[in-house]
Number of protein chains: 2
Amino acid sequence: MNFTELIETNGKIVNKKKGDHIFVQGSSNTSIYFIKSGLLKAYYITEEGKEFVKSFLLTNDVIGSLSSAYKGESCSFSLVCLEDSNLVEIPFSVIYSHCKTDHLIANSMIELLLNFSMKKEKREFEFLCMSAEDRYRKLEMDSPRILESVTQNDLARYLGVTPVGLSRIKKRVRL
Amino acid sequence: MNFTELIETNGKIVNKKKGDHIFVQGSSNTSIYFIKSGLLKAYYITEEGKEFVKSFLLTNDVIGSLSSAYKGESCSFSLVCLEDSNLVEIPFSVIYSHCKTDHLIANSMIELLLNFSMKKEKREFEFLCMSAEDRYRKLEMDSPRILESVTQNDLARYLGVTPVGLSRIKKRVRL
DNA sequence: GAAAATCATTAACCAAGGTTAAAATCTATG
DNA sequence: CATAGATTTTAACCTTGGTTAATGATTTTC
């Protein structure tokens with residue numbers, strides 16, 4: 001069996017409306033989600049009640065709470081639909097246990113984790129080495145889909161600035 | 001064969017002196033390194049010539065350039081010893097090809113990548129949601145070994161501020 | 001152990017972005 | 001269409017941290 005077949009066979013199609021949550025920070029959710037269509041936002045709420053956007057998810061992206069699914073803790077972030085979305089949900093344990101006995105599955109999992117790791121390293125680089133303005137310019141170049149589909153508020157909280165700060169950056173970039 | 005045996009059998013022991021580089025940004029290096037002892041620094045140099053510290057590596061940590069070893073590009077960062085260090089070097093391709101046929105190896109690799117992913121997510125969270133001062137306080141709590149072994153310059157560039165900025169943060173925290 | 005180099009602190013000035021609040025737009029929906 | 005709610009921009013003021021440069025404090029190295 002290959003990875004795609006495993007997902008097709010054991011996955012459950014989930015259709016969600018704009019505004020619906022897939023899971024919320026603090027609760028438990030041990031599934032992995034494959035985005036078939038739509039747009040989602042993964043976000044943290046800090047103790048002081050401030051929101052920060054971890055990532056936006058588009059078609060073909062994969063998401064799940066590792067701290068809940070793998071470590072057995074609670075989700076460290078929430079996942080909500082910004083547009084009507086179509087996902088395939090599969091328990092992490094199903095994938096994980098197939099890895100134990102099935103090479104193909106294990107190797108697809110390794111592939112997936114390598115790509116995920118590189119994506120996270122890229123974001124680490126952007127926060128460490130680039131200014132908020134540079135991050136905005138880069139997003140403009142690399143991800144116009146996100147730029148045009150997301151409110152300024154969400155975009156700001158993804159870039160690590162406030163909405164007021166982003167408004168100023170945009171003005172500066174316009175000139 | 002298990003993962004540890006694979007590393008013992010195919011790995012090469014490498015002893016490096018303080019100041020020695022394991023690999024440098026822009027070159028090719030397709031190995032993975034297991035830190036047996038010592039202290040290392042992984043760092044980026046930007047186009048403008050500024051340094052930023054991606055991570056510090058201690059005993060039992062694992063490091064390698066995914067962009068070089070996995071994607072076949074050049075290393076996006078350099079790796080240098082801050083203290084005399086003892087590493088085991090193994091070609092990524094050796095591990096990767098064993099994954100194709102060996103469950104145990106594949107599953108150890110998955111384990112390793114899951115832990116790496118969670119570590120990167122944690123650092124992403126810290127940059128996204130925490131101030132430089134909070135990051136300093138957290139490092140003080142979580143990683144005293146790093147705090148006491150590393151110069152203010154390197155520490156600052158790890159936290160995402162300048163050495164002058166870190167000096168001010170320390171002063172503020174002292175009060 | 002003295003000279004050179006590196007590292008840490010301080011100061012003065014500047015730039016980026018946070019905070020709060022108000023105004024201006026835009027979007028839903030009754 | 002009109003009102004309520006959300007979104008974006010602007011302004012004023014403040015905090016954090018960058019930059020440059022000078023001064024001490026520590027290490028290296030000869």
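All values below were derived from every heavy atom in this structure, side-chain atoms included, with hydrogens, water molecules and symmetry-related copies excluded. Note on naming: letters A, B, ... go to the chains in the order of the sequence lines (proteins, then strands), and numbering restarts at 1 for each one. All of these numbers come straight from a predicted model, not from anything done at the bench.
A salt bridge does not link B:Glu121 with A:Lys71: none of the charged nitrogens is closer than 4.0 Å to a carboxylate oxygen. Here B:Lys120 does not pair with B:Glu124 in a salt bridge; the nearest charged N to carboxylate O distance is not below 4.0 Å. Salt-bridge annotation for B:Lys17 and B:Asp84: present, with a side-chain N of the basic residue lying under 4.0 Å from a carboxylate O of the acidic one.
The distance between atom CG of A:Leu82 and atom P of C:dT27, rounded to the nearest whole Å, is 16 Å. When rounded to the nearest whole Å, the span between CD of B:Glu133 and P of D:dG18 equals 13 Å. Look at CZ on A:Phe127: it is 13 Å from P on C:dG17, rounded to the nearest Å. Between B:Lys50 atom NZ and D:dG17 atom C1' there is a gap of 12 Å when expressed in whole angstrom units. Note: CG (A:Leu128) to C1' (D:dG18) measures 16 Å, nearest angstrom. Distance A:Tyr136 OH to C:dA16 P: 17 Å, rounded to the nearest Å. When the C1' atom of D:dT26 is taken as reference, atom CD of B:Gln152 falls 13 Å away, rounded to whole Å.
Within a 6.0 Å sphere centred on NZ of A:Lys100, heavy atoms belonging to other residues, nucleotides or ligands number more than 12. Taking a 6.0 Å sphere around CG of A:Asp142, one finds it holds more than 12 heavy atoms contributed by other residues, nucleotides or ligands.
Inter-axis angle, ends of the helix from C:dG1-D:dC30 to C:dG30-D:dC1, five pairs per end, rounded to 10 degrees: 50°.
Each of A:Thr151 and B:Lys18 has a nearest nucleotide on DNA chain D; the 5'-most of these lies closest to A:Thr151.
Using a 4.5 Å heavy-atom cutoff, the side chains of B:Val173 and B:Glu140 are in contact. In this structure, the side chains of A:Tyr70 and A:Tyr96 come closer than 4.5 Å at one or more pairs of heavy atoms. Side chains of A:Val150 and A:Leu39 form a contact here, defined as non-hydrogen atoms less than 4.5 Å apart.
Here the closest heavy-atom approach between residue A:Val88 and residue A:Gly11 is recorded as CG1-CA, 3.7 Å.
A heavy atom lying under 4.0 Å from DNA chain D marks the following residues of residues 153-173 of chain B, by number: B:Gly160, B:Val161, B:Thr162, B:Val164, B:Gly165, B:Arg168, B:Ile169, B:Arg172.
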